[in-house]
Structures are given as C-alpha cells and as structure tokens.
Amino acid sequence: NAGVTQTPKFQVLKTGQSMTLQCAQDMNHEYMSWYRQDPGMGLRLIHYSVGAGITDQGEVPNGYNVSRSTTEDFPLRLLSAAPSQTSVYFCASSQRGTMGYTFGSGTRLTVV
Amino acid sequence: AQSVTQLDSQVPVFEEAPVELRCNYSSSVSVYLFWYVQYPNQGLQLLLKYLSGSTLVKGINGFEAEFNKSQTSFHLRKPSVHISDTAEYFCAVSDVTGGSYIPTFGRGTSLIVHP
C-alpha cells in the first residue's frame, strides 16, 4: 500500500540507550518531517527535509539526529534516550507541502 | 514566525447537531491553511486545505472551513455531526513565501459527539 511506513510501532528504552525510528515513503515526496505528539501540546516539529541530502532543525531538535540519503527514507535517531523523550512520534511526507502531509501511523516510545 | 491557536481544547456536542471548531493563526505573510483529523491510535489525515481562491473550502466527511483573512481565522464546520466524527482535530498553517511549506500545528481540539 502506498503511504508512509513507520517502524517500530511500540518501543521501550532505558535511559541512555540509543535507537533509530524508521520512516519510509513510496510516493516520491520531496518533503519529509518528524513530529512528536504530547498531550495538550499538539504536534511539534523535530527535524525536516526538503529533499535528499538536505535536512534542517525544527522546534524541538535537541537529542535527535536525522539524515536523508534517499528520497524514500528519513530515519530519526535518538542519541541517548531520556524520559522527556517519552512521546508518540509521527513521520510525514508531502510533495512540496501544497497538498498537505501524509502521516505514518506513529511510534509510541517510552523511556524508563 | 507563524503560530496557530485553537481556541477550544474540547468541544462536546450531541449527534446531528452542528459544530464549529475555531482556529486563528498569526503570520506576517501569505499562508496555506489545513485541517487534519486524528482518530484514536492513528496518524493524522488531511480533511481539507486552503491554498488560494474561494474562501469556503469543502473537505471529506461533510466538513467545510472558511478562510477569513481580516480576522486571520480558518474555522471548521459541519452542519450535522455523527458519532463517528469523535476525534482530535488539528489546524495547521504553512508560510507560503518562505518556500519551505513546513506546517505549524495547533494544540488540537477534541470533538466529542454524544448520542
């Protein structure tokens, strides 16, 4: 099925561990973004990319890294997990943003 | 910088009643405006968008929204809601002139439809 695929769906990490959240889209979209969703906070932008090889920081980038080596993939790396990073993470993609974003189903991350 | 304010965190309504979810934005430049819906344990889905032209835009599931530039608002409406409309609704704005089109989201409005 066409769309945005996120893996894993659920993850529990211990404080200090690192991990990578995977995101892939098969719609040849140029724009990809990572958001975190916390209760009462809406969606906050972590990092985004406007094309392969181009990334930039969003509103809450600290503690996260991204890279965009291909159009299809946009992984999010947690360098050293902290309890404050417990959240639901969404990856989204768009063709230049004018058509709105297609969202993945999310990764629910708990850091203990 | 752009920002979005969703004026109500929760809107309870009875089935078949009309509903309006309010959204105001702040931006010094031209914008694109969007409404998304999120059902429990799912990602967001695009309901409708305003890019240019007619200020009244129609979306999926019978929703519509009106862009009001003078009031910097983009309120979402539905004339008759169903139980299945119970969900979280997010308003979003993108800066057109900046070229990045990265949307900023509001904090969301929880629509609760009672039988």
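Both A/V111 and A/I46 belong to a common hydrophobic cluster when Ile, Leu, Val, Met, Phe, Trp and Tyr are linked at side-chain heavy-atom distances under 4.5 angstrom. Grouping the Ile, Leu, Val, Met, Phe, Trp and Tyr side chains by contacts below 4.5 angstrom, directly or via other members, places B/L56 apart from B/L33. Hydrophobic clustering (ILVMFWY, side-chain heavy atoms < 4.5 Å, transitive): B/L76 and B/I83 are in one cluster. Taking hydrophobic clusters as Ile, Leu, Val, Met, Phe, Trp and Tyr residues chained together by side-chain heavy-atom distances below 4.5 Å, B/Y50 shares a cluster with B/I60. Linking Ile, Leu, Val, Met, Phe, Trp and Tyr residues whenever their side-chain heavy atoms come within less than 4.5 Å leaves A/V88 and A/F74 in two separate clusters.
Taking 4.5 Å as the heavy-atom cut-off, none of the residues of residues 61-70 of chain A approach chain B. For a heavy-atom cut-off of 4.5 Å, chain A lies close to B/P103, B/F105, B/G106, B/R107 in residues 103-115 of chain B. Proximity to chain B among residues 51-59 of chain A is not found for any residue, judged by heavy-atom separations below 4.5 angstrom.
Contact count against chain B (heavy-atom pairs under 4.5 Å) is highest for A/G40 among A/C91, A/A92, A/S33, A/G40. The most heavy-atom pairs under 4.5 Å with chain B, out of A/R44, A/K9, A/M41, come from A/M41.
Note: A/L43 CG to B/Q38 CD = 7.0 Å, rounded to the nearest 0.5 Å. Here B/L44 contributes atom CG and A/Q37 contributes atom CD; the two are 6.5 Å apart, rounded to the nearest 0.5 Å.
Contact annotation for B/Q45: neither backbone nor side-chain heavy atoms come within less than 4.5 Å of a heavy atom of chain A. For A/L45, the part sitting under 4.5 Å from any heavy atom of chain B is the side chain, from C-beta outward, and nothing else. Of the atoms belonging to A/R108, it is side-chain heavy atoms, and not backbone ones, that fall under 4.5 Å from chain B.
Residues B/I102 and A/Y31 form a side-chain contact, since some pair of their non-hydrogen atoms from C-beta on lies under 4.5 Å apart.
In this view, A/T102 and A/V4, A/M27, A/H29, A/S93 satisfy the side-chain contact (heavy atoms from CB on, under 4.5 Å) rule, not counting sequence neighbours.
Aromatic ring centres of B/F34 and A/Y101 lie farther apart than the 6.0 Å criterion allows.
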